[in-house]
Amino acid sequence: MKQPPKVRGLPLIGDSWSFIRDPIAYHDRTAQIYGPVFQSKVLGVSVYSLLGANCNRAVLQNSQDNFSCREGYLPFLKQFGLSLLLMDGEQHRNHRSLIHQSFTRDALDKYLHEMNAGVDGALRSLRAGVSLKFHDFAKSVNLNIAVRLLTGVNLGTETEVAKMAFTDAIESAGALIRISLPGSAYRRGEKARLYLRGRLLHQMSADRNMSAAQDLLSRMLYGSRQSGTNMPEAAIVDHINAILNGAHGTTSSVLSSLVYLLGANHEWQARVRSEIKAYGDAYPGFKDISSMVSLDAAYREALRMYPPSIVILRKSKQACAIEGFNIPGNSFICLAPRYTHFMSDFWEHPQDFSPDRFLPPRSEHKSHSHCWIPFGGGDHYCIGMHYAALQTKVFIVHLLRRFTVGLLPNYRYRIKYAGVLAPADGLPITLGEHRVQA
Ligand code: HEM
């Protein structure tokens, strides 16, 4: 059995800086020199990067037996308290099944009206001819909708404060200096978490008819009392904050990438718009959204090219063999979805935006069970996967019904990595007149 090659990083800091600043470029560059399995030093610990579809499958498929999700994320997320990613085994299964009730097909169906109304209302405040930073706008809209749907709270004028708090909290998870120095990202993260916890705890004490309310917060409070789990309130708050983060951070990330790609590819923008227009002017229902195949293909392609989660982390429980390499027990493991998303073994001209690759006859995503993994896989696969698809597609439906989307001349999409992939400049776009509405 071979030992994974060791990357020769800088003295003391190893590869921490290049890994954290730009994990995509780091993995591409390092794999070219060392091959797809290698060991490097990040934040003082050895990390085994395992790249490619077979490695994804080996780690994600039997994750509970050989790999701990909790231990993989603990150094980065422990200050967030409880979340599904910080759980393994039976505890994970119990908490996940309680949360899952808010992400069933039935629950999503009930969210659809609020999603439609929230996006439609926000877009009505915009006029053709304006330029805006789309990512910032999308985050506010998505956060407002998610908070209303999942906690029953109307953020209103508090939206910007809450948005900033989520941004600070998630950015602090990837901070290079992990002590609470004044003015540091880490300190800002601490303050943000205090605010978010306090805000939700306050909401929990509010009078609510928990057995009738449909939001996740009420369901968790009620469900945990009914089932006898009696989850502490602090634990519920931590879960909800982690979920709200997914519900607006990752969703706005893929939405921005999709808007950029449609802005840069006018043929596809026209194709998706004409598909949408075939469904008339009413708010689209679940079935309408599900039958928009061009929109779905473009959405999947945006997730292939710009997966919001750049790395998936685990810790090995015991020594194992992966792709002919010996991976010792108790080691940090890192998967990099975007690396596989650009492998020419599975994808034709991977650098090109070509949503047709997800449609028959090409169906390239079917060439390997783990060549497209924007939502992970196995026991911890994304619980909000369908919520994200619905929210993003509803947004695109209303946006393209109303406006044409254009980019600035010679625009280049630059991305940054701060817990989640995002456009570095907020994605400036210009809106053109598509059709005047009352
Ligand atoms: C396009 C948007 C999204 C992407 C790309 C995404 C990506 C992911 C990935 C890759 C994982 C697995 C991490 C791992 O195995 O280590 C995950 C887990 C998770 N996601 Fe998402 N996510 C998205 C949207 C959402 C939304 C909308 C929510 C909630 C409303 C959400 C909540 C969660 C939760 C709670 C987990 C942990 C699940 C568990 O550990 O059992 N995500 N997500």
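Please read these numbers as outputs of a predicted model, since none were measured by experiment. Order of appearance sets the numbers: ligands from 1, and atoms from 1 within every ligand.
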Should you measure from each heavy atom of [X], which atoms of ligand 1 turn up under 4.0 Å away?
X    : value
R314 : 14 (C), 15 (O), 16 (O)
Y387 : 27 (C)
R96  : 38 (C), 39 (C), 41 (O)
V254 : 1 (C)
T251 : 27 (C)
I243 : 29 (C), 30 (C), 35 (C)
F103 : 30 (C)

Identity and distance of the protein heavy atom lying nearest atom 10 (C) of ligand 1: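 Going atom by atom, the protein heavy atom closest to atom 10 (C) of ligand 1 ends up being P374 O, 3.3 Å.
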
Which residue and heavy atom of the protein sit nearest atom 16 (O) of ligand 1, plus the separation: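 I find the closest protein heavy atom is Y73 OH, 2.6 Å.
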
For the residue pair [X] and [Y], does the interplanar ring angle fall in the parallel (under 30°), tilted (30 to 60°) or perpendicular (over 60°) class?
X    : Y    : result
H368 : F346 : perpendicular
F103 : Y111 : perpendicular
F375 : W372 : perpendicular

Inspect the contact between [Y] and [X] and indicate whether a charged nitrogen and a carboxylate oxygen are less than 4.0 angstrom apart.
X    : Y    : answer
K133 : D425 : no
R148 : E114 : yes
D356 : R271 : yes

Closest to atom 27 (C) of ligand 1 (judged by heavy-atom distance), picking from A247, P308, S253: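 The option holding the nearest heavy atom is A247.
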
Winner among R70, H380, Q391 once heavy atoms are compared against atom 12 (C) of ligand 1: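 Among R70, H380, Q391, the closest heavy atom to atom 12 (C) of ligand 1 belongs to H380.
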
Side chain to side chain, I276 and M292, heavy atoms closer than 4.5 Å: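 I276 reaches M292 side chain to side chain.
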
For atom 21 (Fe) of ligand 1, every protein N/O/S atom that sits closer than 2.8 Å, waters excluded: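 C382 SG, with waters left out.
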
CG-CG distance between L255 and L399, expressed to the nearest 0.5 angstrom: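 Reported value, rounded in 0.5 Å steps: 8.0 Å.
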
Cation over ring face, R273 and F403, 6.0 Å, 45°: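 No, R273 and F403 do not form such a contact.
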
Lys/Arg cation over aromatic Y381: R96, 6.0 Å, 45° cone: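 Positive - R96 is close enough to the ring of Y381 and near enough to its axis.
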
Residue pair T251 / N142, side-chain donor-acceptor N/O under 3.5 Å: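 The criterion, which ignores hydrogens and geometry beyond distance, is not satisfied for N142 and T251.
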
